Amino acid sequence: MKYISTRGQSEPVDFVEACLAGLAPDGGLYVPEAWPQIAPADPNETYVDVAVRVLSAFAGDALSEPVLRELCTGAYASFSHHSVAPLVQDGPNSFVMELHHGPTLAFKDVAMQVIAKIYDHVLSERGERMSVVCATSGDTGGAAAAAFAGASNVDLYILHPHERVSPVQRLFMTTTGSKNVTNFAVQGDFDDCQAMVKAMFADRGFSQSVGLSGVNSINWARIAAQSVYYATAQAALGPDRPVRFVVPSGNMGDALAGYVAARCGMLAGFEVICAVNENRTLAALFETGEMRRTDAVPTPSPAMDISVPSNFERLLFEVSGRDGDAVRTLYERYKQAGEAQLPEQIRGPLGCAGFSASSVTNAQTMNEMKRYLVQTGELICPHTAVGTFKAHQLPASEAATVVLSTAHAAKFPETVLKATGMDAPLPKRCDALLDRGETFDIMPADLRLVKEAISGARLPA
Ligand SMILES: *Cc1c(COP(=O)(O)O)cnc(C)c1O
């Protein structure tokens with residue numbers, strides 16, 4: 001199984017190379033050369049069984065099935081619920097898929113736990129070491145810290161914006177106590193963190209000397225690992241039952257994983273509704289075909305404060321008939337002008353791909369957390385509330401509705417309290433978090449200092 005770039009100008013690579021590289025050298029994202037056909041999940045399979053089958057299909061010869069079984073078994077042992085992604089019914093024909101049973105209480109754990117195991121396995125076989133860098137607005141950094149803590153062949157460097165993540169989010173990143181995890185609290189915002197990570201990748205000399213790698217949501221292995229829970233949801237609801245998935249979306253990795261599950265034959269049909277917050281670029285892309293760079297505005301669902309979602313590029317590649325030239329031209333225009341219009345030959349198929357997107361306001365999100373509590377007795381996180389609000393608005397249908405619950409309410413206690421008047425205590429298994437000491441280095445947003453800290457060498461000013 002080979003992986004090609006959405007911009008058509010990179011050499012095909014295998015699964016492991018695509019995973020370790022993150023971004024393709026031509027600036028595109030890796031996708032499989034052809035969609036493997038994978039048998040739907042069976043309700044008698046465990047989550048690990050399905051994950052092994054799916055990842056084996058995507059890995060091809062790059063990783064053997066026994067190895068994947070060992071890695072997945074280890075990865076999912078860290079979850080507090082044995083079915084990993086349980087479905088909970090919250091109304092007639094209406095369900096929530098809980099993706100927050102991992103160590104850092106957000107769905108990012110589902111893929112990150114496996115990816116960290118893949119990295120460590122591959123690098124130890126090769127006798128190599130890599131530096132994984134990760135800019136985070138909150139959840140990705142915690143998931144990466146938990147997953148890579150103690151890895152023997154990876155040094156993890158997290159860049160988070162100082163005093164701009166929630167206290168609970170910070171604790172998950174700063175209390176691993178592991179020597180191989182370094183956390184920089186950057187005196188700047190998330191964009192400053194992201195810009196420094198991009199600049200480090202662009203510096204070929206630096207990136208090769210420290211063995212730089214990235215695990216943000218453009219990494220193909222994340223999408224592959226996330227397609228698994230769509231398959232287990234379909235199996236739980238019945239193999240032929242039509243399902244519409246409502247996915248709280250930011251960079252669209254989670255929503256795209258649903259598309260992948262469908263393309264590989266694991267779903268009965270395909271309907272994904274992306275629910276976005278007041279950062280509504282994705283909704284505009286579907287409505288008017290206009291891609292426009294704007295500054296993300298802060299909302300109660302910060303993990304979704306994204307302007308143009310990075311994984312949209314993978315969808316464009318598919319609906320354009322896998323036309324790498326068309327995708328490259330579009331992104332070049334967007335890069336130069338800060339805006340671009342999707343051409344007609346893309347807009348047509350985009351409208352028929354089974355996707356839609358719609359935006360939910362801050363007030364609707366806050367009210368929804370209250371409504372959900374009153375009607376079900378359950379607290380939900382603000383990201384999940386964006387999804388359940390949208391689901392509640394949908395016209396009645398034969399199809400079962402499944403909202404992806406992307407984080408635990410306890411990860412955003414300030415917002416939950418404001419919306420509902422209720423405390424959202426951390427689950428018992430996170431007790432240790434509050435007792436452990438925090439380790440992080442406060443740093444100016446200065447690329448040279450960050451590079452020096454990562455390489456351990458002084459660099460010319
Ligand atoms: C990352 C994140 C999202 C958005 O997921 P994408 O794959 O980027 O669309 C939604 N909710 C939470 C809690 C997250 O951490």
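Because only heavy atoms are used, hydrogens play no part in the values below, and waters and symmetry mates are left out as well, while side chains stay in. As the structure lists them, so they are numbered: ligands from 1, and atoms in each ligand from 1. No experiment lies behind these values; they were computed from the predicted model shown.
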Taking E313 for its side chain and R328 for its backbone only, find out whether a donor-acceptor pair lies under 3.5 Å. no

Residue shell for ligand 1, any heavy atom closer than 4.0 Å, reads F107, K108, D139, P248, S249, G250, N251, M252, G253, D254, A303, M304, H383, T406, A407

Look at the side chain of Q113 and the backbone N and O of F148, then say whether any donor-acceptor pair between them is shorter than 3.5 Å. no

Main-chain N/O of A296 paired with N279 side-chain donor or acceptor, under 3.5 Å: no

Whether R436 side chain and T175 backbone form a donor-acceptor pair below 3.5 Å: yes

Do you see a donor-acceptor pair shorter than 3.5 Å between the side chains of T46 and D49? yes

Do D192 side-chain atoms and P161 backbone N/O form a donor-acceptor pair below 3.5 Å? no

